[in-house]
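Some notes on the structure that comes next.
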Amino acid sequence: MSEEKPFYVYVHKYASGPKEGQVFYVGKGRDYRAWTKSGRSVYWRNIVNKYGFSCHIVMRFYREECALSFEIALIKHCGRENLCNLTDG
């Protein structure tokens with residue numbers, strides 16, 4: 001029996017509107033973090049209130065440090081100017 005990977009990197013995408021399907025947020029989490037609306041920035045909430053969001057787990061990790069490194073790389077790949085992330089990861 002394999003041990004579950006508790007950490008993950010996820011993306012939120014526009015659920016509707018002209019940017020439907022495009023990523024607007026990249027995050028790292030565990031448990032239900034990817035699906036919760038609490039603890040989000042005003043910018044994130046404004047997007048979600050107007051367009052909704054879909055959530056996709058990109059990759060799972062055993063170690064939080066690995067998830068953080070991947071989150072930083074994915075934010076850089078997407079271009080922070082295209083995201084509502086307030087930091088580089």
Side-chain angles (χ1 to χ4, degrees):
M1 188 166 131
S2 65
E3 182 181 339
E4 184 178 329
K5 297 177 181 178
F7 300 98
Y8 53 79
V9 172
Y10 62 95
V11 294
H12 288 158
K13 296 181 179 184
Y14 291 90
S16 65
K19 295 183 179 182
E20 183 176 348
Q22 290 183 26
V23 174
F24 69 87
Y25 183 80
V26 175
K28 171 189 70 71
R30 64 189 296 179
D31 300 324
Y32 296 102
R33 174 62 180 152
W35 295 273
T36 187
K37 292 183 177 181
S38 64
R40 305 292 183 177
S41 72
V42 172
Y43 188 25
W44 185 94
R45 289 194 306 268
N46 288 341
I47 291 170
V48 170
N49 287 340
K50 188 169 184 177
Y51 302 109
F53 77 103
S54 60
C55 180
H56 306 272
I57 303 299
V58 178
M59 191 171 289
R60 295 183 179 275
F61 300 88
Y62 290 110
R63 296 179 45 213
E64 185 174 20
E65 302 82 22
C66 295
L68 178 58
S69 293
F70 188 79
E71 176 195 28
I72 291 168
L74 190 54
I75 289 170
K76 186 174 183 176
H77 173 75
C78 291
R80 197 163 136 217
E81 66 278 1
N82 301 313
L83 304 172
C84 69
N85 289 69
L86 300 178
T87 68
D88 291 329

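One is the number of the first residue; the rest follow in order along the sequence.
Partners of I57 according to the side chain to side chain contact (heavy atoms under 4.5 Å, CB included) rule, which considers only residues two or more places apart in sequence or in another chain, are Y8, Y10, A34, W35, R60. K37 is linked by a side chain to side chain contact (heavy atoms under 4.5 Å, CB included) to W44, V48, F53, counting only residues two or more places apart in sequence or in another chain. Listed by chain and number, the residues in a side-chain hydrogen bond (donor to acceptor under 3.5 Å, both in side chains) with S54 are H56 (sequence neighbours excluded). Applying the side chain to side chain contact (heavy atoms under 4.5 Å, CB included) rule to S16 yields the partners Y51; only residues at least two apart in sequence or on another chain are considered.
Hydrophobic clustering, with ILVMFWY side chains joined whenever heavy atoms are under 4.5 angstrom apart, keeps F24 apart from V11. V23 and Y14 sit in two unconnected hydrophobic clusters of ILVMFWY residues. Membership requires side-chain heavy atoms under 4.5 Å apart, directly or through other members.
The shortest side-chain heavy-atom distance between K5 and F61 does not fall under the 4.5 Å cut-off.
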What pairs of donor and acceptor atoms, side-chain ones from residues 63-70 against any protein atom, are under 3.5 angstrom apart with sequence neighbours left out?
| residue | atom | partner | partner atom | Å |
| --- | --- | --- | --- | --- |
| R63 | NE | E65 | OE1 | 3.3 |
| E64 | OE2 | K28 | NZ | 2.8 |
| S69 | OG | E65 | O | 3.2 |

Side-chain polar contacts of residues 82-89 - donor-acceptor pairs under 3.5 angstrom, sequence neighbours left out - could you list them?
| residue | atom | partner | partner atom | Å |
| --- | --- | --- | --- | --- |
| N82 | ND2 | C78 | O | 2.8 |
| N85 | OD1 | V26 | N | 3.1 |
| N85 | ND2 | V26 | O | 2.6 |
| T87 | OG1 | G89 | N | 3.3 |
| D88 | OD1 | R80 | NH1 | 2.9 |

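Of all heavy-atom pairs spanning G39 and R33, the tightest one is O-NH2, 3.5 Å.
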